[in-house]
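A short worksheet on the structure shown next.
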Amino acid sequence: MLKTEWLEKGYIDEPVAEGTDLKSEIRRMCREKKAVIMAHYYTQGEIQDVADFVGDSLALARKAAETDARIIVMCGVHFMAETCKILSPDKLVLCPDLNAGCSLADSCRAEDLKRFKEEHPDHTVVSYVNTTAAVKALTDVVVTSGNARRIVEALPADEKIIFGPDYNLGSYINGVTGRNMLLWHGGCHVHERFSVAEIVRLKAEHPGAKVLAHPECKGPVLAVADVVGSTAVLLKHAMESDDREFIVVTEAGILHEMTRQCPGKTFIPVPPEIGEGSVGCSCNECDYMKMNTMRKIYNTLLHEWPSVEVDPDVASEAVKPIVRMLEMS
């Protein structure tokens with residue numbers, strides 16, 4: 001029986017015996033329980049190292065649909081675990097900390113989107129993957145930062161579109177496609193904090209560095225970037241480029257994989273604008289992603305809790321735009 005305080009906290013706060021090799025124990029339980037650990041690029045480096053699969057939102061969604069594991073441990077944020085459950089309803093989907101939410105997903109409530117749709121009944125709804133299952137259930141097609149442009153361009157040129165919830169990504173897609181999508185005013189608390197001033201300062205210190213930026217950043221930030229793309233696109237560019245130094249304008253967790261894949265290259269995280277972010281923090285980090293810890297993963301595998309459930313009626317609708325995305329990607 002789980003302790004009441006665990007239920008209240010949303011994660012298992014059980015001490016681990018001193019000297020326990022968490023990585024070895026996690027891998028042992030994965031083998032014994034037929035579990036896989038999926039980690040987003042924004043999680044801590046040690047979590048990425050223990051994971052079976054590391055990727056961005058699109059890659060994780062695809063892997064969730066493909067895996068034959070009994071248990072999926074999603075080390076990311078809550079909407080990602082929901083997506084896994086929607087695609088794999090018969091699997092046990094575990095989330096090491098149920099409090100790992102998403103500021104972007106929180107910016108678009110299902111009841112608000114429903115009302116907005118009713119006000120614009122002739123529009124197709126294109127929703128960013130960073131949304132709740134309830135919002136996906138109101139959506140015609142889901143997109144990620146990696147495939148948004150391709151999917152929008154695949155829709156008829158005269159199709160009226162509501163794009164949400166990320167306003168910056170929507171603005172970027174409007175700019176590169178020539179569309180005039182109706183944009184939801186949502187944003188990511190991490191990518192909103194990046195400033196041109198900090199990038200310019202780092203460029204002055206590292207004049208040969210190329211600027212890699214995520215399209216969730218504001219327009220002026222993207223305007224000074226050399227490459228704009230999803231985490232997977234930015235990683236691929238860093239791996240294939242002859243350049244040796246990069247200023248990275250996205251959540252700093254991606255630097256772990258960039259450094260691993262590109263030995264000898266230098267990756268410089270952009271700090272929050274002066275006066276913003278965590279005290280003493282030299283880079284932009286997602287507090288939600290960092291709620292995932294090795295101890296929580298160990299405990300969630302040990303107790304097979306907390307699990308993520310999605311109402312079957314919601315899931316039956318939410319899966320449709322996800323499948324459509326996977327078919328169009």
Side-chain angles (χ1 to χ4, degrees), residues 30-31 33-43 47-48 50-96 98 100-102 104-105 110 124-152 154-155 166 169 229-233 235-236 257 289 292 297 300-301 304 306-329:
C30 282
R31 291 191 298 271
K33 293 172 178 275
K34 199 176 180 183
V36 293
I37 297 174
M38 299 171 65
H40 193 275
Y41 287 130
Y42 294 165
T43 55
I47 291 176
Q48 296 181 45
V50 80
D52 294 278
F53 188 80
V54 181
D56 63 2
S57 295
L58 177 58
L60 295 179
R62 283 177 165 158
K63 201 65 179 179
E66 296 169 0
T67 181
D68 61 355
R70 181 178 73 88
I71 298 173
I72 300 173
V73 182
M74 172 48 71
C75 301
V77 292
H78 192 268
F79 78 79
M80 295 179 183
E82 280 191 330
T83 303
C84 286
K85 187 63 178 180
I86 291 167
L87 292 172
S88 305
D90 297 329
K91 293 179 172 43
L92 177 63
V93 177
L94 302 177
C95 183
L98 293 177
C102 172
L104 186 50
T124 294
V125 178
V126 177
S127 291
Y128 196 22
V129 70
N130 297 43
T131 47
T132 64
V135 166
K136 289 182 175 71
L138 297 169
T139 296
D140 294 296
V141 60
V142 167
V143 298
T144 71
S145 55
N147 64 23
R149 176 177 182 172
R150 182 166 61 254
I151 288 177
V152 168
L155 297 174
D166 192 275
L169 176 60
S230 66
T231 46
V233 168
L235 174 62
K236 185 173 186 291
E257 185 67 6
M289 286 285 186
N292 294 278
I297 296 169
T300 202
L301 270 170
E304 299 187 12
S307 62
V308 171
E309 302 295 334
V310 179
D311 180 273
D313 292 336
V314 172
S316 66
E317 292 301 314
V319 72
K320 295 175 184 177
I322 298 173
V323 170
R324 188 177 179 190
M325 172 189 73
L326 295 174
E327 291 174 347
M328 295 176 71
S329 298

Which heavy atom in [X] sits nearest to a heavy atom in [Y], and how many Å separate them?
X      : Y     : value
Pro96  : Val73 : CG-CG1, 4.0 Å
Asn130 : Ser57 : OD1-OG, 4.3 Å
Val54  : Ala51 : CG2-CB, 4.0 Å

Identified side-chain contact (heavy atoms from CB on, under 4.5 Å) counterpart of [X] within the set [options]:
X      : options                    : answer
Met74  : Ile37, Leu94, Leu60, Val36 : Leu60
Glu82  : Val308, Val93, Val77       : Val308
Pro321 : Val125, Thr139, Val143     : Thr139

Judged by atom type as modelled, is there a donor-acceptor pair below 3.5 Å linking the side chain of [X] to the main-chain atoms of [Y]?
X     : Y      : result
Gln48 : Ala39  : no
Lys33 : Leu301 : yes
Lys85 : Lys91  : yes
Thr67 : Ala64  : no

Close side-chain approach of [X] and [Y], heavy atoms under 4.5 Å:
X      : Y      : result
Ile72  : Ser88  : yes
Met328 : Asn147 : no
Lys34  : Ile71  : no
Lys136 : Ser127 : no
Asp52  : Lys63  : no
Cys95  : Thr300 : no

Which distance, rounded to the nearest 0.5 Å, do you find between the [atom1] of [X] and the [atom2] of [Y]?
X      : Y      : atom1 : atom2 : value
Cys75  : His40  : SG    : NE2   : 12.0 Å
Thr231 : Lys236 : OG1   : NZ    : 14.0 Å
Thr144 : Asp56  : OG1   : CG    : 6.0 Å
Ser307 : Leu98  : OG    : CG    : 8.0 Å
Ile151 : Asp140 : CD1   : CG    : 12.0 Å

Exercise for the section: Apply the test side chain to side chain contact (heavy atoms under 4.5 Å, CB included) to residues Thr131 and Phe79: give CA-CA distance (whole Å), side-chain angles for both, the deciding distance (0.1 Å), then the verdict. Expected result: CA-CA 6 Å; Thr131 47; Phe79 78 79; over 6 Å; no
Residue set satisfying side chain to side chain contact (heavy atoms under 4.5 Å, CB included) with Ala65, at least two apart, ordered chain then number -> Leu87
